[in-house]
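Structure first, commentary second.
Counting convention: from 1, in listed order, for ligands and their atoms alike.
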Amino acid sequence: MTVKNREVHLAARPQGEPVATDFRIVTADVPEPRSGQVVVRNDWISVDPYMRWRMNDVKSYLPSFRLDAPMEGGAVGTVVASGVDSIPIGATVLHGLGWREYTLVNERYVQVVDAEIAPASSYLGSLGMPGLTAYAGLKEVAPVRPGDTVFISGAAGAVGVIACRVAKHLGAERVIGSAGGPEKARRLIEEFGYDDAIDYRAGKVGVQLRDNAPDGIDVYFDNVGGDHLEAAIGAMREHGRIALCGAISQYNDTEPAPGPKNLTLAITRRLSLRGFIVFDHQHLADEYVALAAGWLRDGSLATPTTIVDGIDNAVDGFLGLLHGANTGKMLVRLTDGAL
Ligand code: NDP
């Protein structure tokens, strides 16, 4: 194709905190699709905390990003050239080769999405991976039961905001969220459906959690790890359940972080702590999308997004995400006016 592509490459493996010079924007040709391939103009690309792990040269559940090659991640866009009869030009699709303006992708890795249910960008947020993560965590990993008190860290982020909505739908009586700063704490209660909020920067999480839940909590959805996990273990009621979803407070660590000091409480209080990866819960996807589509229609899954514009700002969006620049899903919009 005559059009040029701009892609974000990993130029160096970050040592601790990533910096702008760890990344490079490279211009490349957009190939013509062969049979079985499509070319997608990416309207939206996702930046996510898990990408930080993939920048390290370590073995994990997904391969490390290669140096001097485009990074990968969720993207939704419009098919602009097609070698697949069932995916015509103009179709809206979701795929996993983001971080670039145009993607050549095999049909096996493309999902055509219904942009009538919700704006296409929702497939990177409430109808997509963050939504299913929240649902799987609270439906299956640390199940919420009617009447439960639930604590969620990273509460104002993509997964956290949806987790609160899901917890309420599953019957939670009280949901307490923790986020950084007074403005996010205010919005947790006034806009995102939380009953109580902790500003973790304002004081010790354990003390604030005890003040908010003097009788303890039944379920903890952990997005943060570290002091949040230790505080939650300390506040768990007997037979409490913890979904270990993420540990963003430790992703830039260069040395192994110490574990929670109070883990013996898991024995005496008969707690369950279970780590999970959303890919292992794909069997819940249809059930979740059907529920979420209804909740979007009735307004009970309203979630915020934070948008940065243009491939030139994608790295800033990612770096900002690691510092809480986002409320709700952090998205990069590559096409003017995309929904
Ligand atoms: P978010 O939208 O929540 O963005 C990250 C947020 O982390 C920031 O907004 C910031 O919010 C918070 N944060 C950053 N540093 C710290 C810190 N030191 N202490 C406390 N909070 C911090 O991202 P996602 O919703 O996409 O992801 C949330 C978590 O879920 C991540 O840990 C991620 O890795 C994990 N995850 C796991 C999946 C799985 O399959 N297990 C799938 C998807 C996500 P604030 O301003 O409040 O500090």
Side-chain angles (χ1 to χ4, degrees), residues 16-18 45-56 60-62 73-74 96 124-126 128-142 151-166 177-188 192 194 197-202 204-205 208-209 220-232 242-253 257 273-282 284-285 288 303-308 317-332:
E17 189 90 27
I45 60 173
S46 181
V47 288
D48 298 85
Y50 77 87
M51 293 168 174
R52 175 64 190 87
W53 296 3
R54 296 191 68 186
M55 292 168 192
N56 295 339
S60 190
Y61 67 100
L62 287 172
L124 298 174
S126 50
M129 186 273 279
L132 184 60
T133 302
Y135 187 69
L138 296 177
K139 174 81 181 177
E140 215 161 61
V141 179
F151 176 47
I152 298 169
S153 59
V159 174
V161 169
I162 301 169
C164 175
R165 304 290 190 189
V166 168
S178 170
E183 175 62 9
K184 282 192 181 178
R186 180 189 67 74
R187 295 186 70 188
L188 290 182
F192 308 147
Y194 286 88
I198 288 172
D199 167 6
Y200 72 83
R201 292 193 193 133
K204 284 193 179 309
V205 183
Q208 296 193 68
L209 188 55
Y220 172 48
F221 191 104
D222 188 19
N223 285 315
V224 168
D227 55 348
H228 277 83
L229 177 57
E230 191 167 293
I242 297 180
L244 298 170
C245 175
I248 195 163
S249 67
Q250 298 166 359
Y251 291 174
N252 288 326
D253 286 358
L273 291 83
R274 187 175 161 201
F276 74 107
I277 295 294
V278 62
F279 307 150
D280 298 333
H281 299 266
Q282 208 53 41
L284 292 174
Y288 171 68
T303 55
T305 50
T306 301
I307 295 170
V308 299
F318 173 72
L319 299 179
L321 173 78
L322 299 180
H323 291 284
N326 62 309
T327 302
K329 180 72 193 122
M330 177 69 100
L331 290 169
V332 184

Short question: side chain of Thr306, backbone of Thr327 - any donor-acceptor pair under 3.5 Å? yes
Item to complete: Answer yes or no: is there a donor N or O on one side and an acceptor on the other, between the side chain of Ser153 and the main chain of Asn223, under 3.5 Å?
Response: yes
Expected contact list for ligand 1 at under 4.0 angstrom, heavy-atom basis, is Pro49, Met129, Thr133, Gly157, Ala158, Val159, Ala179, Gly180, Lys184, Tyr200, Arg201, Asn223, Val224, Cys245, Gly246, Ala247, Ile248, Ser249, Tyr251, Phe276, Ile277, Val278, Leu321, Leu322, Gly324, Asn326, Gly328
Phe151 meets the ring-ring contact (aromatic ring centres under 6.0 Å, His included) criterion, sequence neighbours left out, with Tyr220
Can you check whether Val224's main-chain N or O pairs, donor with acceptor, with Ser249's side chain at less than 3.5 Å? yes
**Report entry** Pair Lys329-Asp48, salt bridge (Lys or Arg N to Asp or Glu O under 4.0 Å): steps then yes or no
**Finding:** CA-CA 9 Å; Lys329 180 72 193 122; Asp48 298 85; 3.1 Å; yes
ask   = Should we count NZ of Lys184 as having more than 12 external heavy atoms under 6.0 Å?
value = yes
